[in-house]
Amino acid sequence: MQKMKKIEQFLQMFSQDARKQKRLKDDIFNFFVVFSRFEFALKESGYLKDKKVAEPSWDKFVTRYKTEFSVNEDIQESYIYLTSEETRPNKQRTNKTNQNGEEVLNTYWDKLNLDAGAPELKKACDVVLTIRNNLFHGGKYGEKTWNDPEKTTLFVNHSVVLILAFTKLDEDIQVYFENFA
């Protein structure tokens with residue numbers, strides 16, 4: 001019961017409106033379910049980093065399907081929202097400063113850089129991974145707007161649209177994503 005109280009307190013940072021809190025909680029939950037299923041499907045389909053611990057390799061997936069992925073009318077709105085300079089998420093970065101003669105590492109928020117010449121699939125995957133990392137590690141957009149429930153809802157819902165499109169690129173991924181428990 002104590003855990004639920006903490007979640008409710010966290011959601012109040014986004015909004016005092018209980019309906020908005022519930023919607024945001026549901027949207028974030030849906031995003032994490034879809035994201036984690038996709039990473040599971042990547043691993044089971046052989047898209048693995050070359051490590052002793054099984055980790056999904058989004059880069060291998062992008063390399064394999066970068067020419068087959070295209071932004072069609074089903075995902076266009078989501079792709080444009082998540083990759084355009086005006087609306088894409090920020091990314092937390094670090095810089096070094098000197099404080100009292102000591103070098104200190106600090107964090108700051110900066111616009112996510114997307115290589116204009118990169119394949120559309122690379123851009124889409126980079127944005128989805130940034131949104132996941134920002135959510136999981138505590139910030140979504142930046143210090144001034146990170147608690148905007150509407151923007152967070154747009155980020156996670158548009159990300160789900162893209163992830164579902166990713167699953168359609170590979171039959172094995174689609175099978176593991178949809179059918180394997």
Checklist entry - Yes or no on side chain to side chain contact (heavy atoms under 4.5 Å, CB included) for F31 and I131, after CA distance, side-chain angles and deciding distance? => result CA-CA 10 Å; F31 169 79; I131 290 167; 4.2 Å; yes
Item to check | Worked verdict on Y108 versus N95 for side-chain hydrogen bond (donor to acceptor under 3.5 Å, both in side chains) | outcome: CA-CA 8 Å; Y108 68 98; N95 65 359; 5.7 Å; no
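With hydrophobic clusters built from ILVMFWY side chains whose heavy atoms lie under 4.5 angstrom apart, Y81 shares a cluster with F35. With hydrophobic clusters built from ILVMFWY side chains whose heavy atoms lie under 4.5 angstrom apart, L48 does not share a cluster with L169.
Applying the side-chain hydrogen bond (donor to acceptor under 3.5 Å, both in side chains) test between Y47 and each of T63, D172, D170 identifies D170 as the sole match.
Looking only at distances, a side-chain donor or acceptor of S45 sits under 3.5 Å from a matching main-chain atom of I173. When atom types are taken as modelled, the side chain of N134 and the backbone of N90 share a donor-acceptor pair closer than 3.5 angstrom. K111 places a side-chain N or O within 3.5 Å of a backbone atom of E85 that can act as its donor or acceptor partner. Although no hydrogens or angles enter the test, the distance criterion places a donor-acceptor pair under 3.5 Å between the side chain of R37 and the main chain of Y176. The backbone N or O of V128 lies less than 3.5 Å from no partner atom in the side chain of S159, so there is not a single donor-acceptor pair. A donor-acceptor pair under 3.5 Å is absent between the side-chain atoms of D26 and the main chain of F29, judged by distance alone. Within the 3.5 Å criterion, the main-chain N or O of N113 finds no donor-acceptor partner in the side chain of K91. A donor-acceptor pair under 3.5 Å links the side-chain atoms of R88 to the main chain of L112, judged by distance alone.
With values rounded to the nearest 0.5 angstrom, N72 atom CG is found 8.5 Å from K168 atom NZ. Taken to the nearest 0.5 Å, the CD atom of Q76 stands 10.5 Å off from the OG atom of S70. In this structure, the separation between CG on L162 and OG1 on T167 is 11.0 Å, given to the nearest 0.5 Å. A distance of 7.5 Å separates CG in N157 from CG in N30, rounded to the nearest 0.5 Å. Summarising the geometry, atom CZ belonging to R19 is positioned 12.5 Å from atom NZ belonging to K22; distances are rounded to the nearest 0.5 Å. The distance from atom OG of S78 to atom CZ of F155, rounded to the nearest 0.5 Å, is 12.5 Å.
No more than 12 heavy atoms of other residues, nucleotides or ligands shown are found within 6.0 angstrom of CD on E171. In the displayed structure, E102 atom CD is contacted under 6.0 Å by at most 12 heavy atoms of other residues, nucleotides or ligands. Residue E77 places its CD atom among 12 or fewer non-hydrogen atoms of other residues, nucleotides or ligands, all under 6.0 Å distant. More than 12 heavy atoms of other residues, nucleotides or ligands sit less than 6.0 Å from atom CG of N106.
Proximity of Q174 to N179: side-chain heavy atoms (C-beta onward) are nowhere separated by under 4.5 Å. In this structure the side chain of V127 reaches within 4.5 angstrom of the side chain of P89, judged on heavy atoms. Side-chain atoms of L135 and T152, non-hydrogen and from C-beta on, do get closer than 4.5 Å to each other.
Of all heavy-atom pairs between K151 and T87, the closest is NZ-O, 4.4 Å. Considering all non-hydrogen atoms of both residues, K43 and A54 come closest at CD-O, 3.8 Å. F177 and V34 get closest at one heavy-atom pair: CE1-O, 3.5 Å.
Aromatic ring pairs are classed by plane angle as parallel below 30°, tilted from 30° to 60° and perpendicular above 60°; the pair F136 and F32 is perpendicular. Relative orientation of the W58 and F166 rings is perpendicular, given thresholds of 30° and 60° on the angle between their planes.
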